[in-house]
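In the text below, chain A, chain B and the rest are named by the order of the sequence lines, each starting its count at 1.
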Amino acid sequence: MRFARLAFALVSAIALPLALTPRAGTAQGSAAATQTAPAAEKPAQPDFITPHISDGSKIDVPSFSLRENLTREIELPKWAPVHIGPLTVDLSPTKHVVMLLIAAVLCALTLMTAAVSQARSAATGKPPRGFANAIEATVLYIRNEVIIPNVGRHGEAFVPFCLTLFFFILFMNLLGLIPYGATATSNISVTATLAIVSFFVVEIAGMRALGKGYINTIVYWPHDMSFAMKVFISPIMTPVELIGKITKPVALSIRLFANMIAGHVVVLALISLIFTFGSWLVVPVPVIAATGIMVLELFVAFLQAFVFTVLVSVFIGQIRESAH
Amino acid sequence: MRSVFTRSLAMLTIAAPLLAQEGGEAAAKPSLLSLQSGLMFWTLVVFVILFVGLSKFAFGPITKAVADREQALLDAIEAAKKDRDDAAALLEQHRKAIEAARNEAQRFIAEGRAQAEKMKAEMLEQTHAQQAELLERARRDIDSEKTKAIDELRREAIDLALAGASKVIEKNLDDAQNRKLVESYLSSIK
């Protein structure tokens, strides 16, 4: 019941600024159309889905002026690109960088507050209560039921990494559900980076666990076959093994990114129905539907963070066990 | 089916930056699948800092506190078990002491009973003996009295006889000689 109310509040918070912006959107869209594509014949449709889900150099902050549609856009500073060898990296902060930072700060604050209050209650010899207890229960659940069983023996070393992944992704996912927020995890660059980091962690875990045997996870060289058979099959299977290695992080990054973007697109598309129909009468249907999707999104935010963590721990466990 | 799909998406992803670069100038906004190196850099930096910070200040203390609490619980359980064992041992000891005391009491009672029994028998015997002795004494007294009476009677009889005889034969007979005669006669009939 409380979730539904929360979701309704979220939806109305998103819908309200949107409801007041069709004109601005149209103006923007047509302006963009005249600027970039003078050849375009058909009138440009206002597109407020893509700007909402993609990265940009502006962030939205709350405004209390109805003239500004309750939203003020703040232009982020633009820095000169940095040249690292042949690469040119534009390190200017973007909307998703800001969200990333906010998520990280919130995540750190939440967990450290919990740790501090837990330490305080530990000093009195009592188990923590309330919020600290909830965080502790989550941490323990992920650690004891997800990471350690999947990673296998001596899995403690990987617990902080996997837990950081879970909470960081969770906070980024949840930020997207808050008005004026954006989902950094709906950007493939973010999920790909996390997946690449996980990939390196998995491979290094494999190298440390298997030693010289790690090469067997790349070059297919089964010890229970004749030499001729090995020579025959190795060139075929080695690329397959390699593709298998690369697929995991790619699937990880796309799964998270696509899941996060999908919910937002659906919510925005539903809200857009109001403007497509251009009638107040149609308002309740998309609002109710979007509320439902929002509730689902809340679940998906947790689920995808959980899935990412589970899969990373499974991959670590797999590569460490592959020698046996 | 799904892996084919993800792989094709993967290829798209890998190709996306190239595609984006190619058409970078033409398309004003970047494709959803293009990788932005700046954002990737920031993600990496933020993630690494968060990882270091959280493992040092959040997960480390939380897991340590939980482990400590678990240890404390285990210790408490262990101590409770030890206390219980001690209590059980003590109870056993007390039970034994009570059992011993009960046996002792039982023994005392039995002993007392036996002693009483013995005393009763002794007293009975003593009474019997006394009774017998009394009877015996009475009988002896009676006997001696009887003898005495018989002697008395005899002497009286002698005296009477003598008196009578002396009356009869006072004249012709010496008292002393007659007496001797009668005495000898009486002793012969004894």
Side-chain angles (χ1 to χ4, degrees), chain A residues 32 35-36 50-51 53-55 81 87-94 96-97 100-101 103-104 107-108 111-112 114-116 118-119 122 125 127-128 135-136 139-140 143 156 159-161 163-165 167-168 184 187-190 192-194 196-197 243 246-247 250-251 253-255 258 261, chain B residues 2-17 20-21 24-73 75-76:
Chain A
Q35 268 178 14
T36 53
T50 316
I53 56 176
S54 58
D55 203 358
L87 284 170
T88 304
V89 185
D90 182 8
L91 292 180
S92 315
T94 59
H96 284 161
V97 172
L100 208 66
L101 279 170
C107 185
L111 289 170
M112 287 175 191
V116 165
Q118 195 208 30
I135 294 290
E136 186 200 297
V139 167
L140 280 190
R143 175 179 179 267
E156 281 81 9
V159 168
F161 173 73
L163 278 174
T164 310
L165 270 181
F167 281 104
F168 190 34
N187 192 312
I188 189 104
S189 310
V190 174
T193 312
L194 295 177
I196 289 166
V197 172
I243 290 172
I246 307 296
T247 312
V250 171
S253 59
I254 291 182
R255 179 181 298 110
I261 219 161
Chain B
R2 207 178 91 183
S3 64
V4 170
F5 179 60
T6 43
R7 264 175 221 179
S8 56
L9 267 178
M11 282 172 187
L12 250 179
T13 324
I14 294 161
Q21 265 179 2
E25 303 311 313
K29 50 190 177 224
S31 148
L32 282 177
L33 282 173
S34 63
L35 290 170
Q36 299 153 254
S37 47
L39 185 53
M40 289 178 79
F41 169 79
W42 284 119
T43 311
L44 185 65
V45 169
V46 170
F47 180 76
V48 168
I49 292 172
L50 191 67
F51 167 62
V52 173
L54 285 187
S55 25
K56 202 170 167 73
F57 297 112
F59 300 136
I62 288 176
T63 38
K64 192 181 161 295
V66 170
D68 287 353
R69 198 180 324 135
E70 268 168 15
Q71 192 55 48
L73 277 179
D75 288 352

| Proximity breakdown for A:Val190 and chain B, heavy-atom pairs closer than 4.5 Å | both
| Given that the side chain runs from C-beta out, which part of A:Ala104 has a heavy atom under 4.5 Å from chain B: side chain, backbone, both or neither? | both
| query | Would you call B:Val66 and A:Gln118 a side-chain contact if the rule is heavy atoms closer than 4.5 Å? | reply | yes
| query | Is it true that A:Arg143 and A:Glu136 have a side-chain N and a carboxylate O under 4.0 angstrom from each other? | reply | no
| Heavy-atom proximity to chain A below 4.5 Å, by part of B:Phe51 | both
| query | Considering only heavy atoms, which portion of A:Leu87 lies under 4.5 Å from any heavy atom of chain B: side chain, backbone, both, or neither? | reply | neither
| Pair B:Phe59 and A:Phe161, ring centroids less than 6.0 Å apart | no
| Between A:Ile196, A:Val197, A:Leu140, A:Leu101, which shows the greatest number of heavy-atom pairs under 4.5 Å with chain B? | A:Leu140
| Between A:Ser189 (side chain) and B:Gln36 (backbone), is there a donor-acceptor pair under 3.5 Å? | yes
| Can you list the steps and then say if B:Trp42 with A:Leu91 is a side chain to side chain contact (heavy atoms under 4.5 Å, CB included)? | CA-CA 8 Å; B:Trp42 284 119; A:Leu91 292 180; 4.1 Å; yes
| message | Between A:Thr88, A:Leu100, A:Asp90, who has the most heavy-atom pairs with chain B when the cutoff is under 4.5 Å? | response | A:Leu100
| field | Contact winner vs chain B - A:Ile53, A:Asn187, A:Ile261, heavy-atom pairs under 4.5 Å | value | A:Asn187
| request: Identify which part of A:Val97 has an atom lying under 4.5 Å from any heavy atom of chain B, answering side chain, backbone, both or neither. | output: both
| query | When rounded to the nearest 0.5 angstrom, what distance separates CG in A:Leu111 from CG in B:Leu54? | reply | 5.5 Å
